Asker: 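First the structure, which I've put down as structure tokens, then a few questions once you've had a look.
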There are 2 protein chains.
Amino acid sequence: MLTALSAVSDPVRIKLIRDLAGSADWTRSCGSFDVPVGKAALSHHFSVLRGAGLVEQRDEGPRRVNRLRREEFEERFPGLLALLLRDDGAVAAE
Amino acid sequence: MLTALSAVSDPVRIKLIRDLAGSADWTRSCGSFDVPVGKAALSHHFSVLRGAGLVEQRDEGPRRVNRLRREEFEERFPGLLALLLRDDGAVAAE
DNA sequence: GGGACTGTAAGATATCCATCGAACACTCGG
DNA sequence: CCGAGTGTTCGATGGATATCTTACAGTCCC
């Protein structure tokens, strides 16, 4: 539980989750997100999201594509994903 | 939103919230919680919870008593408080 | 096979934050 | 007024973590 809450307490990771939520499963490679960090940090953030059970990854040729684990996450932490996806703009405002 | 999520990503603060949820409003002074930190750190944690809008404080003679702002917090972050109060033991397990 | 591209791993740095100890402000009861 | 009790503030410290740079491991295409 602390793992999930910490994973979700980062502006970069929230943006990743939101972008991922707005795309179909397995359509977004790691490099396709517009976040202001280098690829090493990005890789780290995906690792954290994976560790929290929020994101699943799969190799597809040279790229690694992602999927938001909606159902699994909802079962373990009911309402948390919905909370993150609502209220757009609240992140940047703080 | 990040403020609230960060506030809630700490084992000491989660314990405070849960203990507070199990008590009537304005019945718990700051020193009445069984957490393994000194009073300076405890004061800091209450400050964070206050800043996140989760807790309200009031002076009552020499003591400072607390109240969980259930309705207000539920309105701003639907489902988050319920998530924290459910699944006892999940914090210690991580 | 040699580049281009994508992502990870390792090491270094820097910042944030949880904690503590000590000093201070306040209230109450002798 | 003084001491006990309660909580805050300040400065310092240590640990976690977000970030970068560089180097490496893949895959694909020419």
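Being a predicted model, the structure only gives us computed values, none of them experimental. Chain letters run A, B, ... following the sequence lines, proteins first and then strands; every chain starts at 1.
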Asker: Is the distance from OP1 or OP2 of D:dG7 to the nearest side-chain N or O of B:Ser29 less than 4.0 Å?
Answerer: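 Yes, B:Ser29 has a side-chain N/O under 4.0 Å of OP1/OP2 on D:dG7.
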
Asker: Within less than 4.0 Å of OP1 or OP2 of D:dT8, is there a side-chain N or O belonging to B:Gln57?
Answerer: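 Looking at the OP1 and OP2 atoms of D:dT8, one of them is under 4.0 Å from a side-chain N or O of B:Gln57.
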
Asker: What nucleotide among C:dT8, C:dA18, D:dC20 has an atom nearest to a side-chain atom of A:Ala41?
Answerer: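 The nucleotide sitting nearest to the side chain is D:dC20.
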
Asker: To the nearest Å, give me how far apart CZ (B:Arg64) and C1' (C:dC28) are.
Answerer: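 Roughly 16 Å, once rounded to whole Å.
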
Asker: Under 4.0 angstrom, heavy atoms only, what part of the nucleic acid is A:Ser47 near: base, sugar-phosphate, or nothing?
Answerer: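 Answer is nothing: A:Ser47 stays at 4.0 Å or more from every strand.
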
Asker: How many whole angstroms separate atom CZ of A:Arg50 from atom P of C:dG7?
Answerer: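 After rounding, the reported distance stands at 12 Å.
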
Asker: Could you say whether A:Gly38 or B:Ser43 is positioned toward the 5' end of DNA chain D, judged by the nucleotide with the nearest heavy atom to each?
Answerer: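 The 5'-side residue here is B:Ser43.
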
Asker: Return the 5'-most residue of the pair B:Lys39, B:Val48 with respect to DNA chain C, ranking by each residue's nearest nucleotide.
Answerer: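 Per heavy-atom nearest nucleotide, the more 5' residue is B:Val48.
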
Asker: Would B:Arg70 and B:Glu75 pass as an ion pair if we require N to O under 4.0 Å?
Answerer: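 Result for this pair is no, no salt bridge flagged.
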
Asker: So which nucleotide from C:dC20, C:dA23, C:dA10 ends up closest to the side chain of A:Ala40?
Answerer: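 Among C:dC20, C:dA23, C:dA10, the one nearest the side chain of A:Ala40 is C:dA10.
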
Asker: Which part of the nucleic acid, if any, lies within contact of A:His45, taking any heavy atom under 4.0 Å across all strands shown: a base, the sugar-phosphate backbone alone, or nothing?
Answerer: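 Sugar-phosphate contact only - A:His45 comes under 4.0 Å of backbone atoms but never of a base.
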
Asker: Please confirm whether the backbone N or O of B:Ala7 pairs with a side-chain atom of B:Arg13, one donor and one acceptor, at under 3.5 Å?
Answerer: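 Here the side-chain-to-backbone pair exists.
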
Asker: Closer than 4.0 angstrom, basic N to acidic O: yes or no for A:Glu71 and A:Arg69?
Answerer: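 Answer for the salt bridge query: no.
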
Asker: Just how far, in rounded Å, is P of D:dA18 from CG of A:Leu16?
Answerer: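 A:Leu16 atom CG is separated from D:dA18 atom P by 12 Å.
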
Asker: From D:dT27, C:dA18, D:dG7, pick the nucleotide closest to the side chain of B:Arg13?
Answerer: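 Selected nucleotide: C:dA18.
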
Asker: From the list C:dT19, D:dG7, C:dT8, which nucleotide is the closest neighbour of the side chain of B:Val37?
Answerer: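 Shortest atom-to-atom distance from the side chain points to C:dT19.
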
Asker: Rounded to the nearest Å, what distance is computed from the CG atom of residue A:Leu49 to the C1' atom of nucleotide C:dG7?
Answerer: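 It is 16 Å, rounded to the nearest whole Å.
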
Asker: Taking any heavy-atom pair under 4.0 Å as a contact, classify A:Glu60: base, sugar-phosphate, or nothing.
Answerer: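 A:Glu60: no heavy atom of the nucleic acid under 4.0 Å.
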
Asker: When the distance from CZ of A:Arg58 to P of C:dG7 is rounded to whole Å, what number comes out?
Answerer: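 Rounding to the nearest Å, CZ of A:Arg58 and P of C:dG7 are 14 Å apart.
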
Asker: Specify the separation, in whole Å, of atom CG of A:Leu2 and atom C1' of C:dA18.
Answerer: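 My rounded result for the distance is 14 Å.
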
Asker: Checking contacts here: which listed nucleotide (D:dT6, C:dT8, D:dA18) is nearest the side-chain heavy atoms of B:Arg63?
Answerer: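 For B:Arg63, the side-chain atoms sit closest to D:dT6.
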
Asker: Tell me, do A:Gln57 and A:Val65 make a side-chain contact under 4.5 Å, heavy atoms counted?
Answerer: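 A:Gln57 vs A:Val65: side chains apart.
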
Asker: What integer distance in Å separates A:Asp59:CG from C:dG7:P?
Answerer: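 Distance, rounded to whole Å: 9 Å.
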
Asker: For the pair made of NE2 in A:His44 and C1' in D:dT17, what is the distance, rounded to whole Å?
Answerer: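 Answer to the nearest Å: 6 Å.
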
Asker: Are a donor atom and an acceptor atom from the side chains of B:Ser9 and A:Ser9 found within less than 3.5 Å of each other?
Answerer: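 There is such a pair (donor and acceptor under 3.5 Å, judged by atom type) between the side chains of B:Ser9 and A:Ser9.
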
